[in-house]
Every structure is written in C-alpha cells, then in structure tokens.
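Shown next, in structure tokens, is the structure this report addresses.
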Amino acid sequence: LASQGRFDAAFEEFGREVAQARQRGLYREEYAAASLVWRGYAALQLGRLDEAEEAFRSANEYMDHYPRAILGLREVRQRRGDGRTAADLQSQAEGAVSGMHQADRPAEWLYGRACLAAADGDANAAVACLNQMLDSVLPSFVGWQLPIDPAFLSIRQDAGFTAVLTRLAERAK
C-alpha cells in the first residue's frame, strides 16, 4: 500500500501487523520490526520525521541492532542536519551487517550489504550484492520483499535494480 502511495491504508496495516506481533507466533519479532521499518520509511516519504524516528526506534525494540532500522534513523538524522549522529548510526549499521556474515548463510548478510549501499545511493554496489545473493541460494522465499522494500527507494529507477527484480520474478515462476 505504501509503495502505491496509499499511506493512510498502509499505516493501518502496519499497526495491525505490530499488534499481531504481541500475540504468540513464529517470527513475530521480525514481522513487527519489518512493519515498523516500512512505517518509518512511509513517514519519511511524507516528511514526518518525528513519526519516522519513533517507528525506527520501535523496530529496534523488537530486534536489537536491526540494520534497516538503524539506517532509517540515519536518514532521519541526515534530514535534520545532524551529520555526526548520522555517521555514528552508519557505523552501527555497518557493524550490525558485518555481524550477520556466516559462510553457510550468505543471503541475510548480502541483503544487509545491499541496504547499506542503497542508503549511500550506490546502485551498482547494491545491485552487485543482490545478484550475488540470488546466485548464492536456490529459488526460495529469499528476496520476496525486494519489489516493495523501502530500503531501495533511492535506487528504484536504476536499470540494474530493475534487472534484479526481473530476475527475481523469473525465479518465482
């Protein structure tokens, strides 16, 4: 909904997802954190910095050191002109992503590296990481959120990113 510009409806759905996370369930922390990050990015698109910051901070309460939430906070700080805190948050995000590196589970680490690159506006590096991620795993659920993930808003129009989305769609057939 947010990717379609239907922000009011999206905010309602984000709220439902977080409310469901308070119930028992598998992956509830991840779902809540992801919903809050997406809510934060939607608020950023609307220029609602306080609301965005609250959403990103709340996401970190569900998943400590969640790189996508940290990068969202970095974006808030950059927009507020607080370069020093933004740089500290960048370092935190890089550390969190580095901590995800496992030789037998490369997908999460590569996705995190792609998010870092996209946050820096480096479409080539983001696309390289996403292609490497798709190369590293058999067709599966990995990457399902790419078409709507707000972490990639800055590179959404890049031809390389479009090619990754096409590749992902082909894998899903």
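Computed from a prediction, not measured in an experiment: that's the story for all the values here.
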Under the ring pair (Phe, Tyr, Trp, His ring centres under 6.0 Å) test, residues paired with Y66 that sit two or more places apart: none

Salt-bridge test for E53 and R80: reply yes if a basic N is under 4.0 Å from a carboxylate O, no otherwise. yes

Hey, does E75 have a side-chain heavy atom less than 4.5 Å from the side chain of Q78? yes

Summary of ring pair (Phe, Tyr, Trp, His ring centres under 6.0 Å) pairs that have at least one residue in residues 80-109, sequence neighbours excluded: H101-W109

Run the salt-bridge test on R16 and E13 with the 4.0 Å N-O cut-off and return the result as yes or no. yes

Validation: residues 92-100 side-chain donor-acceptor distances under 3.5 Å, sequence neighbours left out:
residue, atom, partner, partner atom, Å
E94, OE2, Q90, NE2, 2.8
S98, OG, E94, O, 3.0

Do Y62 and V18 make a side-chain contact, defined as non-hydrogen atoms from C-beta onward lying under 4.5 Å apart? yes

Which atoms form the tightest heavy-atom contact between F152 and L146, and what is the distance? CE1-CD2, 3.6 Å

Selection residues 98-111 - residue pairs positive for salt bridge (Lys or Arg N to Asp or Glu O under 4.0 Å), sequence neighbours left out: R105-E108

Which pair of non-hydrogen atoms, one from F14 and one from A42, has the smallest distance, and what is that distance? CE1-CB, 4.2 Å

If hydrophobic clusters are built from ILVMFWY residues whose side chains come within less than 4.5 Å, do L153 and I148 share one? no

Would you call D88-R77 a salt bridge at under 4.0 Å N-O? no

For atom CD of Q157, is the number of surrounding heavy atoms from other residues, nucleotides or ligands below 6.0 Å larger than 12? no

Looking only at non-hydrogen atoms, find the nearest pair between A151 and A118 and report the distance. O-CB, 3.5 Å

Could you tell me whether a side-chain N or O of S154 sits under 3.5 Å from a main-chain N or O of G121, the two making a donor and an acceptor? no

To check you understand the geometry: which heavy-atom pair defines the closest contact between R68 and D149, and what is its length? NH2-OD1, 3.2 Å

d(E12 CD, L1 CG) to nearest 0.5 Å is 9.5 Å

Atom pair CD1/CG of I155 and N124 - distance to nearest 0.5 Å: 9.5 Å

Interatomic distance, CZ@F7 vs CZ@R48, rounded to 0.5 Å, equals 9.0 Å

List the atom of L89, the atom of I70, and the distance in Å for their closest heavy-atom pair. O-CG2, 3.1 Å

Using ring pair (Phe, Tyr, Trp, His ring centres under 6.0 Å) as the criterion, list what pairs up with Y41, not counting sequence neighbours. F56

R156 (side chain) donor-acceptor with P147 (main chain) under 3.5 angstrom: yes

Just how far is it from atom CG of N60 to atom CG of L73, taken to the nearest 0.5 Å? 6.5 Å

Hey, can you pull the donor-acceptor pairs under 3.5 Å for the side chains in residues 162-173, sequence neighbours left out?
residue, atom, partner, partner atom, Å
T162, OG1, D158, O, 3.1
T166, OG1, T162, O, 3.1
R167, NH1, N131, O, 3.2
R167, NH1, N131, OD1, 3.0
R167, NH1, D135, OD1, 3.2
R167, NH2, D135, OD1, 2.3
E170, OE2, K173, NZ, 3.1
R171, NH1, L134, O, 2.7
R171, NH1, V137, O, 3.3
R171, NH2, V137, O, 3.3
R171, NH2, L138, O, 3.1

To the nearest 0.5 Å, atom CG of L110 lies from atom CG of L130 at 8.5 Å

Nearest atoms (heavy-atom pairs only) where A52 meets A43: N-CB, 3.7 Å

